[in-house]
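One is the number of the first residue; the rest follow in order along the sequence. Owing to the predicted nature of the structure, the values given are computational and were not obtained by experimental measurement.
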Amino acid sequence: MIFDSRDSRSVLTALAEMLKTCAVNTENICLMIPHSTVEQFGIADLSDLVGQIKELGFRVGVFQVGVRNININCFIEGLFDRVDFSANFIHGVRDGVYDPELLIGLMKYFEKQGAVCVLPARTDKELLSLLRQRTKSAFGIHKNEMISLTEFKYQMSSPAYEKKYPALSHERSELILNEKIYDEIMVQTRSFIVEWSPRFDTIKLSGSFERLYGYRPETDDFVRDLSEERFIHPDDQKKLIEKMNTARSERIESEAFIRVYSKHDDDYRWNRVHFVTICNAEDIPVRIMAVFTDISDTRKDPTDEDRRDRPDLITKLYNKHSAENKIKSFLYDDGAYGSHAFMIAELCGFEVLERSLGTVFANAVLKETAQSLRELFRDSDIIGRNSGSRFIILVKGLEARQKLLEKAEQICKVICNNYQSDVGEISVFAKIGISVFPHDGMTYDELYSAALRALYYAKHSTKYHIAFASDSQSSPKLLHD
């Protein structure tokens, strides 16, 4: 992305709008920012921008590093996933303008910060050999080749594809595997997707439906023929159609509780259904996505307020939305007149761990971390998994900074660990931001924002791991190493 620092808000808005209208797998996309743009930001603003881009699911990298002076102060630990060196800099190393030791030191530094280094295309073979001998850093070489999507699709179907693009062949196999895993996850979570095309009144169902319910309903003339099918309970058919039409006309996300017929049980099962509108480039709704999740085994009454207490699938803590709802309810009701602490704890180095040792091992680390957090806090405190490697904690009735500091130190102690991998030792440690109710905020959003600012400040420091939101709300104050 090439933009000026003053346009960062517009960039974030454009990315968010794109994700609303396009089905994009952001996990496979690394957004690259020019080094010259990165240098325009202050540390806090840069971390905030990158953090918000990552909240959208993207990875973030920097390119053209070395086209001028290299400011390593921009590369805060865990901030960037990838660093692309400029051809001018690499050619300067090759031609003796720069000492190769400079490049070796930079690669080691960037790897320590959690970023993968990428060298320009046609990098000298002798230089590559030297780098492989002198550093254990994992690095790649940019492939100066761009093709259209049409050509890429043609090549994938070509018999010569396997020989011409062996790396992409591996990625294609991995994609098929991921689709199988995705379908398995849908079955394990008892979920399926219905995609409704209003223009043609047809639906598509994800493969998990037939495995879960034992049949496939008619997919043509869906709304017209719905009353003749056993697919949806007669009392819920009108509700489903109304929700779909509302999503189509008002383009808002909504939720409903619908009973779906199961051939295995010869009975209807309750499902929580989430509706999302998909628009085309002209902003015209073309599809309605309805995500069904079976809740019959856990909740016979779908109107029960406890339905919000859904756990995160990996850690079994509250998931992001459940934790948020729990905290909001407490602050509004029982906790409105007390003092409480809000913490955001992040596992730094987790992404490097996941890349090196795999998702299964990384998930085991998350489970162990979650169990340790449960043991540190009371049953009345609220603990949730906020994102991939980030946890949120509301400590009820506790505002004394020394006591909070002791709790935060305990979190750091249980999270900090070293893991052995093929590329060497990987360190995972905690960075924690803390805000206090009502001093730093009266609502969940205010407490979260204050704690997040403190977390970013702690992440920018190489000395401190814990930070409190400042009294002035202008900058956090570090209190502990």
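Using a distance-only test at 3.5 Å, with no hydrogens or angles considered, no donor-acceptor pair links the side chain of D265 to the main chain of D267. Between the side chain of Q237 and the backbone N or O of I232 there is at least one donor-acceptor pair closer than 3.5 Å. Between the side chain of D334 and the backbone N or O of F330, no donor-acceptor pair lies under 3.5 Å. Checking side-chain atoms of K243 against main-chain N and O of A256 turns up no donor-acceptor pair under 3.5 Å. Although no hydrogens or angles enter the test, the distance criterion places a donor-acceptor pair under 3.5 Å between the side chain of D381 and the main chain of K396. Formation of a donor-acceptor pair under 3.5 Å by the R59 side chain with backbone atoms of R82 is not found in this model. A donor-acceptor pair under 3.5 Å is formed between the side chain of N271 and the backbone N or O of R269. No side-chain donor-acceptor contact under 3.5 Å links D333 to the backbone of S329.
The aromatic rings of H35 and F75 sit tilted, their planes meeting at an angle between 30° and 60°.
Residue Y261 forms a ring-ring contact (aromatic ring centres under 6.0 Å, His included) with just one option from Y213, W270, F209, Y268, and that option is Y268.
At a threshold of 4.0 Å, the pair R230-D266 counts as salt-bridged, since one of the basic side-chain nitrogens sits closer than that to a carboxylate oxygen.
Other residues, nucleotides and ligands place more than 12 heavy atoms under 6.0 Å from the CD atom of E406.
Residue F192 holds its CZ atom at 8.0 Å from CG of L212, rounded to the nearest 0.5 Å. Distance check, rounded to the nearest 0.5 Å: CG of L31 to CG of L15 gives 6.0 Å.
Nearest heavy atom pair, residue L455 against residue K431, reads CD1-O, 3.2 Å. In plain terms, the two heavy atoms of G441 and L447 that are nearest each other are O-CD2, 3.6 Å.
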